[in-house]
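This report refers to the structure that appears directly beneath it.
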Amino acid sequence: MDTGDTAWLLVSTAIVLFMFVPGLALFYGGMVSRKNILSILMLNMSSLVVVSIVWVLWGHTLTFGTDLFGIIGGMDYLGFAGIGQEPLGTLTIPHVLFAVFQALFAAITVALIAGAVAERIRFSVWILFSAAWATFVYAPMAHWVWGGGWLSKLGGLDFAGGTVVHILAGVGALTAVIVLGPRKGFPGRTLPPHNLVFFFIGAMSLWFGWMGFNGGSVLAAGGLTGLVFATTHAAACSGAIAWAAIEWLIHKKPTLVGTVTGIIAGLIAITPAAGYVSVLSSILIGGSASFVCYWGVNILKTKFKYDDTLDVFGLHGIGGIWGALLTGIFADIRINPAGNNGLLHGNPNQLLAQVLEVAIAVGWAAAGTFVVLKIIALFTPLRVSSEEESLGLDLSFHGEQAYNEQESGTSEMRPPSFPALGIETNKVTQSAP
């Protein structure tokens, strides 16, 4: 046991929780219409609480239990049995802390999908989907890559979740929107984002949280953690500059939404590579990610007309694929002896391993998400009704409004008095606007 490593993982876990709520919740909440903000907050929060309980009961053991034929973990830790204060294997942190850290990874991966199906999925369906998807899609893939499963033996590199988190969530999101169908009025009459300040605060919380997300994945406090901080930050900055430059050249106006989206694209792409590449390489990874994600969000989506509400596939799917592939190009064993050299350092086989891992993640996410949703659809409709969608999910499913404004009609208003100046006003009655 190392107290320094343990302290850092405690901090990282708390930072990732903040990244999740309120970070991701506000990031998504600011981009939906005002009548659906509470709904998307509920989708995010319910993913956190549902998947966390699933993780305690069976998710952790399916992922990190004793490997069974390279496919799934055994029942060693069912219900957190045997997960205590002692370290796990060669780790220097308490097993229970590692388990909680990984629970947040599983939960936030599910929550990312909420951005794609926002404004039309039934809340009860989302609860069932969260539990089932974490069990049957996320846990096996995480075991294959991080839990000693068959993919880990093929040499693919995924430092903090390029395939396990971003590709699974992005491709799962695309599959879900195809199964559910578009919102009413898409693409011509959808409502614009209602609060870009919320969006900005959420995005900056994500940037802050990503330091714990990637930095905590070292599972220790040391030199490599410092490098991961540097590569993560540099990729985010590079992504912002690139996206703003694209908008400046094409539209003559760099936007807040675009620049912030570039930050997120850079963070997504560096996630699988953060502990395997140099800082200079991270700048190239983050900047190039903005170009491919811009194409995904603005060209690919328009061409195929799928209603990915908050561009989860365009960012996490495409950015995750791009980052995983570039890991196979820029990885340098001098950075991290636990990694490998990539194409630029004389090892083309690493790029092939990354291609294989990406292909498996894409296929698994698409097939698994499709099956989970189709099974749920046997028991309940997936979508809200047309009337519920028009009213907004905040009222139709949760009976609340985010903004309780004064209703139209006659109201009594008192103009201010300033007795110190000798000014007094009489009560007046006027119609409220």
For [X] and [Y], work out which heavy atoms get closest and say how close.
{"X": "Asp307", "Y": "Val177", "value": "O-CG1, 3.5 Å"}
{"X": "Ala265", "Y": "Ala289", "value": "O-CB, 3.7 Å"}
{"X": "Trp207", "Y": "Cys237", "value": "CZ2-SG, 3.9 Å"}
{"X": "Ala274", "Y": "Val228", "value": "O-CG2, 3.8 Å"}
{"X": "Asp5", "Y": "Asp2", "value": "N-OD1, 2.8 Å"}
{"X": "Val372", "Y": "Trp133", "value": "CG1-N, 4.5 Å"}

For [X] and [Y], which I'm curious about, is there any donor-acceptor pair between the side chains at under 3.5 Å?
{"X": "Ser33", "Y": "Asn36", "result": "yes"}
{"X": "Asp394", "Y": "Gln401", "result": "no"}
{"X": "Asp76", "Y": "Thr61", "result": "no"}
{"X": "Glu387", "Y": "Ser390", "result": "no"}
{"X": "Thr255", "Y": "Glu247", "result": "yes"}
{"X": "Thr63", "Y": "Trp146", "result": "no"}

Report task. Could you give me the CA-CA distance, side-chain angles and deciding distance for Trp126 and Val117, then say whether side chain to side chain contact (heavy atoms under 4.5 Å, CB included) is met? Result -> CA-CA 10 Å; Trp126 181 253; Val117 297; 4.1 Å; yes
For the ring pair [X] and [Y], is the centre-to-centre distance below 6.0 Å?
{"X": "Tyr294", "Y": "Trp322", "result": "no"}
{"X": "Trp210", "Y": "His233", "result": "no"}
{"X": "Phe159", "Y": "Tyr276", "result": "yes"}

Query raised in the report: Can you list the steps and then say if His143 with Tyr138 is a side-chain hydrogen bond (donor to acceptor under 3.5 Å, both in side chains)?
Result: CA-CA 9 Å; His143 178 76; Tyr138 180 88; over 6 Å; no
For residues 161-172, which side-chain donor-acceptor pairs fall under 3.5 Å, sequence neighbours excluded?
unit_1, atom_1, unit_2, atom_2, d
Thr163, OG1, Asp158, OD2, 2.5
Thr163, OG1, Glu357, OE2, 3.1
His166, ND1, His316, ND1, 3.0

Query raised in the report: Can you check ring-ring contact (aromatic ring centres under 6.0 Å, His included) on Phe213 and Phe105, steps first, answer last?
Result: CA-CA 8 Å; Phe213 193 89; Phe105 272 57; 4.0 Å; yes
Report task. First locate atom CG of Leu395, then atom OG of Ser39, and finally report the distance between them rounded to the nearest 0.5 Å. Result -> 11.0 Å
Query - Atom pair CD1 (Ile241) and OG (Ser290), whose distance is rounded to the nearest 0.5 Å - result: 9.5 Å
Query raised in the report: Are Asp311 and Lys301 close enough for a salt bridge, meaning some N to O gap below 4.0 Å?
Result: yes
**Report entry** Electrostatic pair Lys184-Glu389, nearest N-O below 4.0 angstrom
**Finding:** no
Query raised in the report: Is the number of heavy atoms from other residues, nucleotides or ligands within 6.0 Å of CZ (Phe123) greater than 12?
Result: yes
Query raised in the report: Within a reach of under 6.0 Å around CD of Gln85, are more than 12 heavy atoms found that belong to other residues, nucleotides or ligands?
Result: no
**Report entry** Results of salt bridge (Lys or Arg N to Asp or Glu O under 4.0 Å) for Lys35 - residues two or more places apart only
**Finding:** none
Requested in this report: Please answer whether the main-chain N or O of Ile121 pairs with a side-chain N or O of Arg383 as donor and acceptor at a distance below 3.5 Å.
Outcome: no
Report task. Give the C-alpha distance, both sets of side-chain angles, the deciding distance and a yes or no for side chain to side chain contact (heavy atoms under 4.5 Å, CB included) between Asn347 and Asn340. Result -> CA-CA 8 Å; Asn347 182 22; Asn340 209 343; 3.6 Å; yes
Query raised in the report: For Phe64, what residues pass the ring-ring contact (aromatic ring centres under 6.0 Å, His included) criterion, not counting sequence neighbours?
Result: His60, Phe98
